[in-house]
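What follows is a set of notes on a single structure, which appears directly below.
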Protein chains: 2
Amino acid sequence: MRNTAAQRVPPVESSCADALAEDLGWGLGTVFRAYVTAAHQAVADLPGGPRGYQILSSAAQGSVASQLALAQHLGVDRTVMTYLLDDLEAAGLIQRVAHPTDRRARRIVATARGSELLATLDDRLRDAEANLLAPLDPDARKAFRAQVRLLATRIDAPRPP
Amino acid sequence: MRNTAAQRVPPVESSCADALAEDLGWGLGTVFRAYVTAAHQAVADLPGGPRGYQILSSAAQGSVASQLALAQHLGVDRTVMTYLLDDLEAAGLIQRVAHPTDRRARRIVATARGSELLATLDDRLRDAEANLLAPLDPDARKAFRAQVRLLATRIDAPRPP
DNA sequence: TATTGTTATACTCTATAACTATA
DNA sequence: TATAGTTATAGAGTATAACAATA
């Protein structure tokens with residue numbers, strides 16, 4: 001039995017055709033990588049990069065009841081969260097404060113300096129996002145944001161009973 | 001000067017509120033993680049996981065002119081591509097064949113067994129994607145796919161001169 | 001001289017296990 | 001007994017540098 005693969009070698013393409021363009025996985029990966037790259041530049045030398053921004057943003061809004069809750073919300077291991085918070089706290093941007101009713105847990109709050117920096121980062125990230133979504137017309141842009149938000153919120157929510 | 005952060009510690013939330021829901025970065029990351037997790041299960045023990053699928057899919061369509069072109073298209077380092085192809089070739093799913101006009105480059109083609117497996121994986125990934133996008137109504141689902149495709153294609157394309 | 005692919009090495013990131021303290 | 005957080009360790013994944021072959 002001869003080599004079947006060699007028998008039907010397809011014609012040579014000039015490089016790599018967009019055979020994967022229909023693949024949602026390739027699309028999501030490509031868009032996500034582009035976002036991370038742009039966001040990393042936007043947040044400059046913030047400890048933790050784009051993820052550090054998400055922590056800082058959550059802390060500034062006072063919505064972090066515990067490190068564990070934040071870690072799960074961000075999709076990282078709780079041990080990784082310890083390192084991320086160590087760096088942000090060392091930079092004077094966030095603080096671990098005692099949880100009023102559970103002495104095991106630590107609430108995460110932004111310092112004044114953290115809130116100040118956050119305002120700048122918000123602006124820079126807004127620009128980065130606008131640049132990323134520029135290929136979409138305004139309506140599609142708005143729809144895309146809404147769809148991403150809906151999907152992510154459903155995924156992040158506790159599993160339906 | 002007293003500790004400003006401690007002075008305005010916000011009220012305790014039950015867990016982690018959706019403060020980041022408006023953040024495109026958090027949304028993209030959450031959706032992407034969910035996709036990777038689902039896709040990883042869908043492709044079972046395929047070498048390289050979801051990325052192995054993308055390689056196999058490209059190879060089956062005969063659109064891979066060189067390892068480097070494929071690596072750039074998939075956003076991985078060329079050295080990583082070597083390892084991924086080693087595993088897929090060892091599994092008998094793809095083959096490196098000589099490029100007809102550039103003896104440095106290797107074209108990547110799927111074997112008969114690779115094409116066969118690909119058909120099964122396509123079905124399973126289609127189900128996984130449908131499940132991921134289930135929260136969107138049919139129109140939004142179609143629009144979301146189109147938007148992701150447009151964004152990814154623009155990003156992947158060579159920079160405008 | 002520049003590019004493709006490979007290999008070896010080093011680095012980054014992440015997860016695992018064990019521990020303390022609380023519940 | 002189970003959970004929140006920390007630490008040390010190990011593992012997976014990735015990139016860097018050097019090389020051979022070819023353009």
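No experiment lies behind these values; they were computed from the predicted model shown. Chain letters run A, B, ... following the sequence lines, proteins first and then strands; every chain starts at 1.
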Taking the side chain as every heavy atom from C-beta outward, state whether [X] and [Y] have any pair of such atoms under 4.5 Å apart.
{"X": "A:Leu46", "Y": "A:Leu117", "answer": "yes"}
{"X": "A:Leu74", "Y": "B:Leu20", "answer": "yes"}
{"X": "B:Ile55", "Y": "B:Met81", "answer": "yes"}
{"X": "B:Leu70", "Y": "B:Ser58", "answer": "yes"}
{"X": "A:Asp156", "Y": "A:His73", "answer": "yes"}
{"X": "A:Thr111", "Y": "A:Ile94", "answer": "no"}

**Q.** 5'-most by nearest nucleotide on DNA chain D - A:Leu85 or B:Val80
**A.** A:Leu85
Q.
Reading DNA chain D in the 5' to 3' direction, which nucleotide is the first one with an atom under 4.0 Å from a heavy atom of chain B, and which is the last?
A. D:dT14 to D:dA23
Between [N] atom [atom2] and [X] atom [atom1], what is the distance in whole Å?
{"X": "A:Asp87", "N": "C:dT12", "atom1": "CG", "atom2": "P", "value": "13 Å"}
{"X": "B:Leu88", "N": "C:dG5", "atom1": "CG", "atom2": "P", "value": "15 Å"}
{"X": "B:Ile108", "N": "C:dT4", "atom1": "CD1", "atom2": "P", "value": "14 Å"}
{"X": "B:Arg107", "N": "C:dT4", "atom1": "CZ", "atom2": "P", "value": "16 Å"}
{"X": "B:Arg33", "N": "C:dA15", "atom1": "CZ", "atom2": "P", "value": "10 Å"}
{"X": "B:Ile94", "N": "C:dG5", "atom1": "CD1", "atom2": "C1'", "value": "13 Å"}

Q. Start at the 5' end of DNA chain C and walk down; is the nucleotide closest to B:Asp86 or to B:Gln72 reached first?
A. B:Gln72
(Q) Taking only side-chain N and O atoms of B:Thr82, does any of them lie within less than 4.0 angstrom of OP1 or OP2 on C:dG5? (A) no
Q: Scan residues 132-146 of chain A for pairs that pass side chain to side chain donor-acceptor pair (under 3.5 Å), counting only residues two or more places apart or in two chains.
A: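 Qualifying pairs, neighbours excluded: A:Glu129-A:Arg145.
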Can you give me the N/O atom pairs linking the protein to nucleotides 16-22 of chain C at distances under 3.5 Å, or say none if there are none?
{"residue": "C:dT16", "atom": "O4", "partner": "A:Thr79", "partner atom": "OG1", "Å": "3.4"}

Q.
Tell me which one of A:Val80, A:Leu84, A:Asp86 satisfies side chain to side chain contact (heavy atoms under 4.5 Å, CB included) with A:Thr82.
A.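 Only one option passes, and that is A:Asp86.
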Q. Knowing that exactly one of A:Val109, A:Leu88, A:Leu85 qualifies, which makes a side chain to side chain contact (heavy atoms under 4.5 Å, CB included) with A:Arg96?
A. A:Leu85
